[in-house]
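The residues of the chain are indexed from 1 along the displayed sequence.
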Amino acid sequence: MAGWKVAVLCLWVSCGSAAGQLEYSVLEETERGVAVGNVSADLGLSAAALSLRNFRFLSGHREPYFGVDLASGGLVVLEPADRERLCETKAVCVLTYELVLEDPLELHTMRVHVVDTNDNSPFFPAGDVQLHIPEFLMPGARFTLPNAQDADEGSNGVLSYSLSPSQHFRLIMGSQVDGSEYPELVLAKALDREQRATHQLVLSARDRGQPARSGDARVTIIVVDTNDNAPVFERTVYRTKVPETAPNGTVLLRVQASDPDEGSNGEIRYSLSNSTRAALRHHFHVHPRTGEVRVAASLGPPETLLEAYIEARDEGTFGLASTVKLLVEVTDVNDHAPEVNLLTLSSSVSEDAAPGTVIALLSLRDEDLGPNGKVVCSMSSGGPFKLKASFDNYYSLLTDGPLDREQVSEYQVLITASDGGSPPLSTRKTLTVSVADVNDNSPSFAQPQQELFVAENNGPGASLGCVFAQDPDLGKNGLVFYELLDIISERQTASSLVAVESSSGAITAKTSFDFEQLRGFHFQVEAQDGGIPPRSATVTVNLFVVDRNDNAPVILVPVPRNGSIPVEIVPRSARSGHLVTKVVAEDADSGSNAWLSYHISQASDSSLFRISASMGELRTARLILPSDAVKQRVVVVVRDQGDPSLSSSVTLGVLLSNSAPQVLPDFEHTWETGGHLSTQNLYLVIALACISFLFLGWLLFFLCIKVNQSPVCCSQRCCHSPEELRYARKMASSPCMLSATVDVTTVERLSQTYLYHASLGLGSDNNSLLLRGEYSTADLRNLATGVGLNLPISCIHIRNRKGDHINVNAMPRQPNPDWRYSASLRAGMHSSVHLEEAGILRAGPGGPDQQWPTVSSATPEPEAGEVSPPVGAGVNSNSWTFKYGPGNPKQSGPEPKKQTQVSFLLRRKGEASQSRQ
């Protein structure tokens, strides 16, 4: 059986498949949606045929660069293709796709040529170029430059080079052994590093695309130096003054020389020249690198002019040098600073002291004479103080305004004494003035109101926060104590809800708070210092209870009644998006804890329903299919957004029916799931079913041929019609079956030949004998009046079966040429046809089927079961008597109340018998 199926399937595939190849071309980087060609037209199909024949577009590439529009049949660009990325350096870039059509199966190959466009600019892989060229090179020197690359192909990748204009360089193209060219830089004019140390050139590469693209590389020429310049000083003469008290190491000045050469040729070393007198050499020291001139020994009395020479020499191979003159003048200085003496000073000043209070008394002195000994005293403190001259060289320090210890508790008063020298000398002395405290400040809170937050379901004694008051006073004046003012808030006293620690101001809870019952309240806390008299302040504390996610969502609609699942009825004709029901829920929490979302956690068919996450509307997600189960069960979960999240669920029963049933089915313990086949599995099942039907049809056809070739076709149960079987079951219990013999006598001529089936038993009216056959209305009337039965007339029922067709193979054989008449007919006696009942008995409903009875003559030589009366045989030519009974001793008689069917042939006189095939 399996081999037949595989053979038929292979034959169907080979007969329905065809192969072809389509060629298209498209420029790279073509935008999305651009049509490349018409696949359906090139295949000789209409656009609608693509969908009908289950067109498939197969691609072996990661990205879908092209696709087929089933509506128009056109090949469109889905993603711009980059030829350089797909095919790199290949000359031809081709993308291959497979096109599959079914009914019949066809396979086509499609090749899409991605044509190169000039979308890549030339670039230099080596980047910018840097060359070092000595300034002594002669013109004509050559230097190789790097080649550029272009990812495009053909003329788009052929490059030409150019160089930015320069009077010192030019560009030529060199040739390699393989014939390829490369750019070379040629020195056209001698270089001078001192005039220009670097040369910036731009090397450009340009392709031959349309439009052309170009790429640049910066070429930096660094000119290498030679020692051809001597150091040069900034000045021809350096002058400076130095005080007589200048210590050793004092910097007099710094000489500076420059050399335009580079490297060691431009590095300069400084020293005292041999032209300087030997007596002055030990007074000065010159730093060899920086050129700083320092004092090395005492320079002598003031008003002296010293002269020295400094040499600058470079460090080239042949060092070049130059010399400069240095003149140093020694001057007089003011070398005595004034002295400041503190005669009296108060240890502290009360912050409530009156202006003009004396704090300290000072005296000044300077040993210099003349202008250098004249002293001037000044003060800087930033506080309410002033200096007052009492008499010669004496000064008093006084208060000049109110003091506030809380703002400034201590002042640093700077006393400066300066003489009149040039430059002047000065002496500074700092006096510390402390301010004594008094209780002049009350405790203060940062804000008149303070907010605290506590999460609900807290434990008693939980810390809620603290209040803090500041008192800038010192000691007991600044020591703060806290007290809870027992006021009534939210119908409860504050002391019954919270407690305040007196020293720290910490606030603790006395009870557990429930957000759903108490969302907040306020109370007051008093802060008092320890001064005399004490000072106080109050703050209002607003305590807010923060909600926690301690309440699960409550589903309001739908509500199960008496513990049963709520049921919704959805018509099977409902479209996608049909509203089944709306789940309504609420949450006693607030904020995000009460934000609800709706989800389907379980369903008989997860693809049939969807629910709005925010609205809770349960709708159909697709059309209802005939294969969908009538009973559907959906579990909807309502979840809040708390942390952790809480949820509730409700089970819904959905009845897919176009009308409401009188009794709703049970949804409690039944989950009906509708099986769905995938597309591939469905095609496979259809293919296997077709193969099976073809095989069974062929087998049935073969059996029918074999049966038709058999001479006993009409003796099989297949000759029975369904109507005959139904009447047989009704006749099985007929009360009219009282005798085992029935005589049927025709008295008139019948118009045609008929095959009759006689059934003994109850008919449709439970009191009839059923004779079935094909005859005209006149024959029916003759037969009804001319048949004699050994039964009451009420048991006779004749029905015409126009739908029965006589099988030619089932007709009697044509008699032999020498056949004449049977012995009984020649004797003038009526013949008895014995119908063998052994093959026609049925054991009742469900019993085994027997063959049709054979019709035999009472004579010893029956001819094909057919009896025809001769003319003048002594009986009416159309008068026959058929006896039914146990005429064959080999077969037993029929059992009571069992249906018996008789087949007999009535033929007009003179009609020829039909030949048996």
Peer 1: Ring-plane angle category for Phe513 and Phe521, please: parallel below 30°, perpendicular beyond 60°, tilted otherwise.
Peer 2: tilted
Peer 1: When you look at Leu431 and Ile359, which way does the side-chain contact (heavy atoms from CB on, under 4.5 Å) test go after all the steps?
Peer 2: CA-CA 10 Å; Leu431 304 180; Ile359 300 174; over 6 Å; no
Peer 1: Less than 4.5 Å apart, side chain to side chain, heavy atoms only: is that true for Leu618 and Glu568?
Peer 2: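 Of all side-chain heavy-atom pairs linking Glu568 with Leu618, none is under 4.5 Å.
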Peer 1: Answer whether the closest heavy-atom distance between the side chains of His336 and Asp366 falls below 4.5 Å.
Peer 2: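 Counting from C-beta outward, His336 and Asp366 do come under 4.5 Å.
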Peer 1: Regarding Ser607 and Arg622, is there a side-chain donor-to-acceptor distance under 3.5 Å anywhere?
Peer 2: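 Looking only at side-chain atoms, Arg622 and Ser607 do form a donor-acceptor pair, the distance falling under 3.5 Å.
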Peer 1: May I have the list of side-chain donor-acceptor pairs in residues 634-649 shorter than 3.5 Å, sequence neighbours left out?
Peer 2:
residue	atom	partner	partner atom	Å
Asp640	OD1	Asn549	ND2	3.0
Asp640	OD1	Gly642	N	3.4
Asp640	OD1	Ser645	OG	3.3
Asp640	OD1	Leu646	N	2.8
Asp640	OD2	Asn549	ND2	3.2
Gln641	NE2	Ser597	OG	3.3
Ser645	OG	Asp640	O	2.6
Ser648	OG	Pro553	O	2.5

Peer 1: Is Glu456 salt-bridged to Arg548, cutoff N-O under 4.0 Å?
Peer 2: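 Here Glu456 does not pair with Arg548 in a salt bridge, since their nearest N and O are not under 4.0 Å apart.
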Peer 1: Could you note down all residue pairs passing side chain to side chain donor-acceptor pair (under 3.5 Å) where residues 472-481 supplies at least one of them, sequence neighbours left out?
Peer 2: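 Qualifying pairs, neighbours excluded: Asp437-Asn477, Asn441-Asp473.
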Peer 1: Ser396 and Ser390: side-chain donor and acceptor closer than 3.5 Å?
Peer 2: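 Yes - a donor-acceptor pair under 3.5 Å links their side chains.
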Peer 1: Name all pairs fulfilling the side chain to side chain donor-acceptor pair (under 3.5 Å) condition that reach into residues 497-511, sequence neighbours left out, sorted by first residue then second.
Peer 2: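 Matches after skipping sequence neighbours: Glu501-Ser503, Glu501-Ser504.
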Peer 1: Pick out which of Thr540, Val539, Thr538 makes a side chain to side chain contact (heavy atoms under 4.5 Å, CB included) with Val525.
Peer 2: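 Answer after filtering Thr540, Val539, Thr538: Val539.
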Peer 1: Can you list the steps and then say if Leu497 with Phe523 is a side-chain contact (heavy atoms from CB on, under 4.5 Å)?
Peer 2: CA-CA 10 Å; Leu497 300 176; Phe523 56 89; over 6 Å; no
